[in-house]
There are 2 protein chains.
Amino acid sequence: MKEHRNISIADQIFDQLEREILSGKYQRGEVLSELRLSKEMDVSRTPIREALLRLEQENILKETGRGMEVIGISSEDMLDMYDIRLHLEGEAARRAAGNITEEQLQELLELTELQRYYINKQGNRSSEHTKNLDTQFHELIYTASGSKTYIDVLTRIHKQMTKYRMASVSKQSRALQSNDEHMAIYQALAAHDPDAAEQAVLTHIRNALNRMEHMEPIDS
Amino acid sequence: MKEHRNISIADQIFDQLEREILSGKYQRGEVLSELRLSKEMDVSRTPIREALLRLEQENILKETGRGMEVIGISSEDMLDMYDIRLHLEGEAARRAAGNITEEQLQELLELTELQRYYINKQGNRSSEHTKNLDTQFHELIYTASGSKTYIDVLTRIHKQMTKYRMASVSKQSRALQSNDEHMAIYQALAAHDPDAAEQAVLTHIRNALNRMEHMEPIDS
DNA sequence: AGCACTATAATTGTATACATTCATACAGAG
DNA sequence: CTCTGTATGAATGTATACAATTATAGTGCT
């Protein structure tokens, strides 16, 4: 089953810009101009414009009248997003427990183990890898829920949260705790136990919220 | 306080297309071509393309490889959306009960009474008016919740549901029951009672779900 | 020195031209 | 009659040209 659409330049630019914004290359408040980006990337304004438009719809950029500004997410917004995840992600996990395939379970386990490896390694971009793996872990569970609507809503929210979390440092001990929780989620899903999966996910989100509230944002 | 952005042609086309799709002018499965639309509306492809792109991001259109197809929402998707609303809209109502202004309450009451008028009138476009007022009613409550995140998530979902609901006929008796429930929600909000507001909203959604499951889709 | 006005530069919004892909229909051969 | 190949048309994707708005800096006047 092949995709019916080739990867366009606009798609690639969208992915690239999203990565660069979420990873902090473009700081909060910075204004991106179409012309500047098109010169930097050596393409015309058209695909750049398309990519910026999509990023605006994802609440990652905001139109200001003279360019697209990298959105700042307030800590209040962040709390709301955790709140919504607490209301939705347990149900998504319940569904995933019933639907997840052996192949998906295998991938979930690999993501978890790889994340642990990077946390222990403590290398240069280790923190970035750790967070990317966290995103892949949760989005895989959303996918396994089998519900297009749940996938859409939760993926959008998780992306926005990533942008905020990227701008913070986290201690190794907390990262290890989070990784343990991922393993617990994996085991509940591997046992196809909806109740256990729901509880493991809710515990993980509550703890993540707690960890965030005790984190110091970096200056940069 | 004026907006910093003028209403562009692309914005207008986006609004117009969304209305036309949600109201059923373009049927599910129909493919919209940029060139055709640009001729019909006598503008260039550029703003058309931008509008279609935004509609795609709202899950109202889908890229097919040879045009944008009007998305069909399955009854399964519809159930998921009700499910998510049951998980989120109670909390939004709780918050609204605390934040809603007198002016918003006044508007809520007017929307409710106007809706009752149209239901009783049973005119030509009465059903369309009724549903538009329903949308305005719920979106006003989302706004009153004061949370950008709740507003975004719930508004998106409610829009998609509207598209489905527009394609169904509903009996006058059920419309009146729904309107009664709106009035109950209004009264709970007017009393600034979070518990009552949550319960009234949850009851309304459960009943709406029930009403939908007993509805006959029109053929057209 | 300060203020106002003008000119310029930068930016988005829109139109249009060009490239490319893909489906479809038609014609010709077997 | 069927299959295949080609040509044509329609659609998107991209580049570029043009219009209009706005911020900013500079200059001249008081």
Side-chain angles (χ1 to χ4, degrees), chain A residues 1-21 25-72 152, chain B residues 1-21 25-72 163:
Chain A
M1 178 150 49
K2 70 167 182 179
E3 285 300 325
H4 60 267
R5 174 159 72 161
N6 292 335
I7 299 170
S8 65
I9 294 181
D11 289 332
Q12 295 173 36
I13 290 178
F14 171 76
D15 288 337
Q16 180 181 344
L17 280 177
E18 183 180 56
R19 267 200 315 275
E20 290 180 342
I21 292 173
K25 170 169 176 181
Y26 297 109
Q27 300 289 331
R28 158 184 173 153
E30 186 163 350
V31 172
L32 305 183
S33 124
E34 293 174 5
L35 193 61
R36 203 189 95 220
L37 289 174
S38 80
K39 280 176 184 165
E40 274 181 31
M41 300 187 176
D42 198 43
V43 295
S44 80
R45 273 179 56 214
T46 309
I48 298 277
R49 187 179 173 79
E50 181 172 329
L52 291 181
L53 206 81
R54 286 165 64 182
L55 288 167
E56 185 190 16
Q57 297 252 313
E58 296 217 356
N59 287 320
I60 288 173
L61 296 179
K62 181 180 66 179
E63 176 63 51
T64 65
R66 66 171 182 287
M68 289 286 199
E69 181 181 343
V70 178
I71 270 195
D152 284 350
Chain B
M1 174 153 55
K2 70 167 185 180
E3 286 297 326
H4 62 268
R5 175 159 68 162
N6 293 334
I7 299 171
S8 65
I9 295 182
D11 289 332
Q12 296 173 36
I13 291 179
F14 171 75
D15 287 338
Q16 178 181 343
L17 280 178
E18 183 179 56
R19 267 199 316 275
E20 291 180 341
I21 292 173
K25 171 170 173 180
Y26 297 108
Q27 299 290 329
R28 158 185 176 153
E30 187 162 350
V31 172
L32 305 184
S33 125
E34 293 173 6
L35 192 62
R36 202 190 94 218
L37 289 174
S38 79
K39 282 176 184 165
E40 272 180 31
M41 300 186 176
D42 199 44
V43 294
S44 78
R45 272 179 56 213
T46 309
I48 298 278
R49 187 178 173 80
E50 182 172 328
L52 292 181
L53 207 80
R54 288 165 64 184
L55 288 167
E56 183 189 17
Q57 297 250 312
E58 295 217 356
N59 287 320
I60 289 173
L61 294 179
K62 182 180 67 178
E63 175 63 52
T64 64
R66 65 172 181 285
M68 289 285 198
E69 181 181 340
V70 178
I71 272 195
K163 174 173 179 330

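Just so you know, these numbers come straight off a predicted model, no measurement behind them. Letters A, B, ... mirror the listed sequences (proteins, then strands); counts begin at 1.
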Tell me which of Arg36(A) and Pro47(B) sits closer to the 5' end of DNA chain C, going by the nucleotide each one is nearest to.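 Nearest-nucleotide comparison on DNA chain C picks Arg36(A).
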
Test side-chain contact (heavy atoms from CB on, under 4.5 Å) on Ile13(B) and Met41(B); report intermediate values, then the result. CA-CA 9 Å; Ile13(B) 291 179; Met41(B) 300 186 176; 4.1 Å; yes

[X] [atom1] to [N] [atom2]: how many Å, rounded?
X: Ile13(A); N: dT14(D); atom1: CD1; atom2: C1'; result: 10 Å
X: Met41(A); N: dA15(D); atom1: CE; atom2: P; result: 13 Å
X: Leu35(B); N: dA17(C); atom1: CG; atom2: C1'; result: 13 Å
X: Glu34(A); N: dT14(C); atom1: CD; atom2: P; result: 11 Å
X: Ile48(B); N: dT16(C); atom1: CD1; atom2: C1'; result: 15 Å
X: Gln12(A); N: dG13(D); atom1: CD; atom2: P; result: 13 Å
X: Glu50(A); N: dG13(D); atom1: CD; atom2: P; result: 7 Å
X: Lys39(B); N: dT16(C); atom1: NZ; atom2: C1'; result: 14 Å

Taking only side-chain N and O atoms of Arg49(B), does any of them lie within less than 4.0 angstrom of OP1 or OP2 on dG13(D)?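 For Arg49(B), the contact criterion (side-chain N or O under 4.0 Å from OP1 or OP2 of dG13(D)) is met.
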
Would you classify Leu53(B) as touching base, sugar-phosphate or nothing, given that sugar-phosphate means primed atoms plus P, OP1 and OP2, and contacts are heavy atoms under 4.0 Å?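 Contact class for Leu53(B): none.
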
What nucleic acid atoms does Thr46(A) come within less than 4.0 Å of, heavy atoms only: base, sugar-phosphate, or nothing?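 Thr46(A): base contact, heavy atoms under 4.0 Å.
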
Indicate yes or no: at least one non-hydrogen side-chain atom of Glu58(A) is less than 4.5 angstrom from one of Phe14(A).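 A side-chain contact under 4.5 Å exists here.
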
Validation row: Leu37(B), Leu52(B) side chains within 4.5 angstrom (heavy atoms):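 Side-chain contact under 4.5 Å: yes.
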
Spell out, as yes or no, whether a donor-acceptor pair under 3.5 Å connects the side chain of Asp11(B) to the backbone of Ser8(B).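 Indeed, once roles are kept as given, a pair shorter than 3.5 Å links the two residues.
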
